There are 2 protein chains.
Amino acid sequence: MAVETLQHQASMDARDAEVARPKVAVDTVLFAIEGERLKCYLVQLTAGAAAGKWAFPGGLVRVGETLDEAARRELEDAASLRDLYLEQLFSFGDPSRDPGAHVVSVGYLGLIDDAGAAISRSRKYAAGRWFEVARLPALAYDHSIIAEYALRRLKSKLEYTNIACNLLPPTFSFAELEELYATVLERPLDRRNFRRRIMAMGLLKRLPGKRRGAHRPAALYAFRQRSVQAIEML
Amino acid sequence: MAVETLQHQASMDARDAEVARPKVAVDTVLFAIEGERLKCYLVQLTAGAAAGKWAFPGGLVRVGETLDEAARRELEDAASLRDLYLEQLFSFGDPSRDPGAHVVSVGYLGLIDDAGAAISRSRKYAAGRWFEVARLPALAYDHSIIAEYALRRLKSKLEYTNIACNLLPPTFSFAELEELYATVLERPLDRRNFRRRIMAMGLLKRLPGKRRGAHRPAALYAFRQRSVQAIEML
DNA sequence: CTAGTTTGCGTCAATTTGACGCTTAGCGTA
DNA sequence: TACGCTAAGCGTCAAATTGACGCAAACTAG
């Protein structure tokens, strides 16, 4: 009788050591807006069969840390990033997703308001930089599938949550917010209907100042809540 | 320098064996409707610190199988169940969720149309039976959190997918469908508006026969598609 | 002061949603 | 057989929401 028929969950006793088990990794699809383009951060792998290919920053989960902590640790290591929005996406467990070993990857969606904050100084990777989402290079492992999940989740959550606050600076004009939506959703929005919808959600607060530009000055706004929450969910 | 800073994903080389890694398990929250009550299937653990407690059927993932396969294998083992609807929920990675070891659990939502199909003859568990969702016993590990996720997902997906087809027999009356919704959502539905909404989605096909009962006979319906898909998602 | 551009508010019809009334069909019983 | 009961099934109406679009206000550049 195999070990797992004797116990529901694993315990640290000696019998476990004899059975090979899949490992657990986290991989984060990190998005940012840069110049009216949605971008995501990729790192270039240095080791393994996928060396030279691009992938999302990630790595194996250590004993004693949560999945979120693992994802944050890997982002800090890979790009010196801290305090960003992270949300678990989906877990990818196909044993052939990594030809080298059976690794279950917990995919994460990450958002940051400033692409410039990412500093690729990790010795773990050959390089790290932002790519336009519409023009990603070939990705290692099953990361192109993870990318699809992440993009779908981001688009979906834009519609019914205040998740956009994590892609914008603390203060912004309505036009900037609308541009963000149009960029991510890849479709034009009616300016007036968009304003009505957003205002009806009551997420924003108007700030005193004005944004001066080449034309009529725009009112400044900020999100009431910086924490993500659903609007009018049943 | 630790192993994981040298490689992105794990490989099977010798250095890995030196580092303890979290294990991966799957746990499935299986729902069924029985007598106007939403129920879920629990098993009673026999081993480990949680022995005697109730939990969702699950176990460690083996090298070479997908997460879905692992979940199906455990359900077959625990309750002789096959060919049911399964959907990945969320992964739970808190290292303290299982006091015995660091086990990352991938939670699954399962649906079956016939609670009677579950046969608890597994030697792995002391017992297995259906519990009313509103009156679950104390659960092992973090399974009460997983239960909350599963119930929320089920309620949510009822609203915009044809997922209900997995909780109903192949043929059913409109009243039975409405009762299912009311039971799961825990609120009364307006019969006429509900019918309009469901018909507008175009999921059902009318069958020739009639359901004879104590009163006016009801038309019989079946789902056009038995595969789950979202309706009118943007 | 004028032309050009962006901001910001408002209107209107079409569609969707929520609340509810009424008829139909079959069963059981007098 | 006819009457009452109950569930099934169809339809109506007002309120709320959505999509399409017009227009004036505010500012800069020349």
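The structure presented is a predicted model; accordingly, all values stated were derived computationally and were not measured. Residue numbering restarts at 1 for every chain, and letters A, B, ... go by the order of the sequence lines.
- Between the side chain of B/H143 and the main chain of B/A55, no donor-acceptor pair closer than 3.5 Å is present.
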Which donor-acceptor pairs under 3.5 Å do side chains of residues 79-87 of chain A form with protein atoms, sequence neighbours excluded?
unit_1: A/S80; atom_1: OG; unit_2: A/R121; atom_2: NE; d: 3.0
unit_1: A/S80; atom_1: OG; unit_2: A/R121; atom_2: NH2; d: 3.2
unit_1: A/R82; atom_1: NE; unit_2: A/E76; atom_2: OE1; d: 3.0
unit_1: A/Y85; atom_1: OH; unit_2: A/E87; atom_2: OE1; d: 2.2
unit_1: A/E87; atom_1: OE1; unit_2: A/K157; atom_2: NZ; d: 3.3
unit_1: A/E87; atom_1: OE2; unit_2: A/R153; atom_2: NH1; d: 2.6
unit_1: A/E87; atom_1: OE2; unit_2: A/K157; atom_2: NZ; d: 3.4

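- Atom-to-atom, CZ of B/R206 to P of D/dA8 comes out at 13 Å; the value is rounded to the nearest Å.
- A donor-acceptor contact under 3.5 Å links the side chain of B/R196 to the base of C/dG18.
- If you find the closest nucleotide of DNA chain D to B/S173 and to A/R191, the one lying nearer the 5' end belongs to B/S173.
- In this entry the distance linking CG of B/L177 with C1' of D/dA8 reads 14 Å, nearest Å.
- Note on A/E159 versus A/R197: salt bridge recorded, some NZ/NE/NH1/NH2 to OD/OE distance being below 4.0 Å.
- Rounded to whole Å, atom P of C/dA25 lies 19 Å from atom CZ of B/F174.
- Rounded to an integer number of Å, the gap from CE of B/M199 to C1' of D/dC10 is 12 Å.
- A/D68 and A/Y108 form a side-chain donor-acceptor contact under 3.5 Å, judged by distance and modelled atom types alone.
- For B/R211 and D/dG9, the CZ to P distance is 11 Å, given to the nearest whole Å.
- Looking at A/R192, its side chain comes within 3.5 Å of the base of D/dG22 through a donor and an acceptor atom.
- Rounded to whole Å, the distance from CG on A/L189 to P on D/dC21 is 15 Å.
- Look at CZ on A/F172: it is 16 Å from C1' on C/dT7, rounded to the nearest Å.
- Atom P of nucleotide D/dG9 and atom CZ of B/F194 are separated by 13 Å, given to the nearest angstrom.
- A side-chain donor-acceptor contact under 3.5 Å links B/S96 and B/D94.
- Within the 4.5 Å cutoff, the side chain of A/L151 has no heavy atoms near those of the A/E148 side chain.
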Produce the list of close N/O pairs, under 3.5 Å, pairing protein atoms with atoms of nucleotides 24-30 of chain D; give distances to one decimal.
unit_1: D/dA25; atom_1: N3; unit_2: A/R216; atom_2: NH1; d: 2.7
unit_1: D/dA26; atom_1: O4'; unit_2: A/R216; atom_2: NE; d: 3.2
unit_1: D/dT28; atom_1: O4'; unit_2: A/A214; atom_2: O; d: 2.6

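- Taking every heavy atom of both residues into account, A/V103 and A/R97 meet most closely at O-NH1, 2.8 Å.
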